[in-house]
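Just the heavy atoms: all of them, side chains too, but no hydrogens, waters or symmetry mates, feed the values below. Protein chains get the first letters and strands the later ones, always in sequence-line order, with residue 1 at the start of each. Everything quoted here is computed from the prediction, not taken from an experiment.
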2 protein chains.
Amino acid sequence: MPKVGRREEILNIACKLFSQKGYHGTTIRDISDACGILSGSLYAHINTKEDLLFEITDRGAQAFLESLRPIVESEATAEEKLKRALKAHIQVIEQNLEAATVFFHEWKALTNGRRDTIQEKRDQYEALWGRILSEGAAAGEFADLDEKFARLLILSVGNWLYQWYRPGGDLSAEEISERFADMMLKGFRVKKGEGKP
Amino acid sequence: MPKVGRREEILNIACKLFSQKGYHGTTIRDISDACGILSGSLYAHINTKEDLLFEITDRGAQAFLESLRPIVESEATAEEKLKRALKAHIQVIEQNLEAATVFFHEWKALTNGRRDTIQEKRDQYEALWGRILSEGAAAGEFADLDEKFARLLILSVGNWLYQWYRPGGDLSAEEISERFADMMLKGFRVKKGEGKP
DNA sequence: CCTACCGATCGGTAGG
DNA sequence: CCTACCGATCGGTAGG
């Protein structure tokens, strides 16, 4: 008889295995073994292996979208929004690194409409970032901004984070987002009259 | 009888398929079918499927290392090196997008010592980037640089490039590297006395 | 959730 | 490079 909460447990276990070995590198038996049940029994809870991947990535997409949208729609300067958005992004990764890894790394293993669904949500997410930049440019906060490349720069940072960020390090999400935001806002270069004495 | 150049052809085909469907998502029969031979015949040219993955990723690693090393060791300002390095990085991706995709996305599917070999080369590559930044900081070219995060910023851009860059677009490797480098050097923010009139 | 199983496919091999 | 094949494993199902 199915255990209550078993489905969530299966999702968590699948999430962990997919993040470690990839979707195609993980078998139904890897998952059922880790659950302590037989492979056939898994199908009392799911219909297909791909269901697991879709549910993990879709929840990931939702988490990112729902954390960014209120920030974009809030009243604040573009700089402030950029910092908050980066912090929120890191926090979503922090809260579930494994799901974030699957979301970023394995979503293309989805087929047909499900892949399209995730693609759409990714596009929406990128568009929200774009709004922060275009509003900042329109408000004169950003110096003749190349919006396309600024967006690519930020998304690169965000999309690569899961590869190196590990919770429990010496820097919090707040500190990391501050440093990246500062660097992108100010640039590396020494300004005139600001160099070494 | 084995055809001359067949091995290279197999590598190219495997590279393409791995980049599209992933290493574990690609079967030996996918590869042999695309070659127009039977699956067993593939083993006249290779020993294992993983050999293909290793050879593709190792060549990728070499290409990146060999293009960056002379730039780091040259005589130039850190700014100049940063721009040249970014351009070289994009050019390596440009020359073989599929191999770059496999290198960045599939290398973790390698096992044991082969994975370690690639990991080491990745570390070397990242260290070379680090040298550009630390030399720029030491020379006073960069404003109180947070070296670790500057390196992460640049590597994020570089490591994410294969996801969106497509050869034949309206911008050359030169132009793309210029824009990213400019943005990282100058920052987004409008400087005092530089805003809108 | 188990028992018992299925057809298909997997990476790979022996012998020519 | 083909013929012919192998044992193992794959995702998944029927019936309880």
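In this entry the distance linking NZ of K49(A) with P of dT13(D) reads 14 Å, nearest Å. Regarding L42(A), its CG atom lies at a distance of 13 Å from the P atom of dC10(D), rounded to whole Å. As rounded to whole Å, 15 Å separates atom P of dG12(D) from atom NE2 of H45(A). Rounded to whole Å, the distance from CD1 on I46(A) to P on dG12(D) is 7 Å. Nucleotide dG12(C) holds its C1' atom 14 Å from the CD atom of E50(B), rounded to whole Å. Computed from coordinates, the N47(B) CG to dT13(C) C1' distance equals 12 Å when rounded to whole Å. Put simply, OH on Y43(B) is 13 Å from P on dA14(C), counting in whole angstrom units.
Under a 3.5 Å cut-off, the side chain of E106(B) and the backbone N or O of Y23(B) do form a donor-acceptor pair.
Every residue two or more places apart in sequence or in another chain that forms a side-chain contact (heavy atoms from CB on, under 4.5 Å) with T117(B) is listed here: F54(B), D58(B), K121(B). By the side-chain contact (heavy atoms from CB on, under 4.5 Å) test, S172(A) is found to be paired with E174(A), E175(A), residues two or more places apart in sequence or in another chain being considered. Every residue meeting the side-chain contact (heavy atoms from CB on, under 4.5 Å) condition with D30(B), not counting sequence neighbours, appears here in chain and number order: L17(B), K21(B), T26(B), T27(B). In this view, E178(B) and K83(B), D182(B) satisfy the side-chain contact (heavy atoms from CB on, under 4.5 Å) rule, not counting sequence neighbours. For F104(B), the ring-ring contact (aromatic ring centres under 6.0 Å, His included) test picks out F64(B), Y162(B), with sequence neighbours left out. The ring-ring contact (aromatic ring centres under 6.0 Å, His included) search around F142(A) returns F188(B), not counting sequence neighbours.
Listed by first then second residue, pairs satisfying salt bridge (charged side-chain N to carboxylate O under 4.0 Å, His left out) with a partner in residues 40-53 of chain A read E50(A)-R114(A), D51(A)-R114(A), not counting sequence neighbours.
With no hydrogens or angles considered, a side-chain donor-acceptor pair links D123(B) and Q119(B) at under 3.5 Å.
Contacts between residues 16-40 of chain A and DNA chain C, counted as heavy-atom distances below 4.0 Å, involve I37(A), L38(A).
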Pair assignment for DNA chain D - dot-bracket with | for other-strand partners, Watson-Crick or G-U under 3.5 Å: ||||||||||||||||

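Side-chain proximity of R6(B) to dC1(C), dG11(D), dC1(D): nearest is dC1(D).
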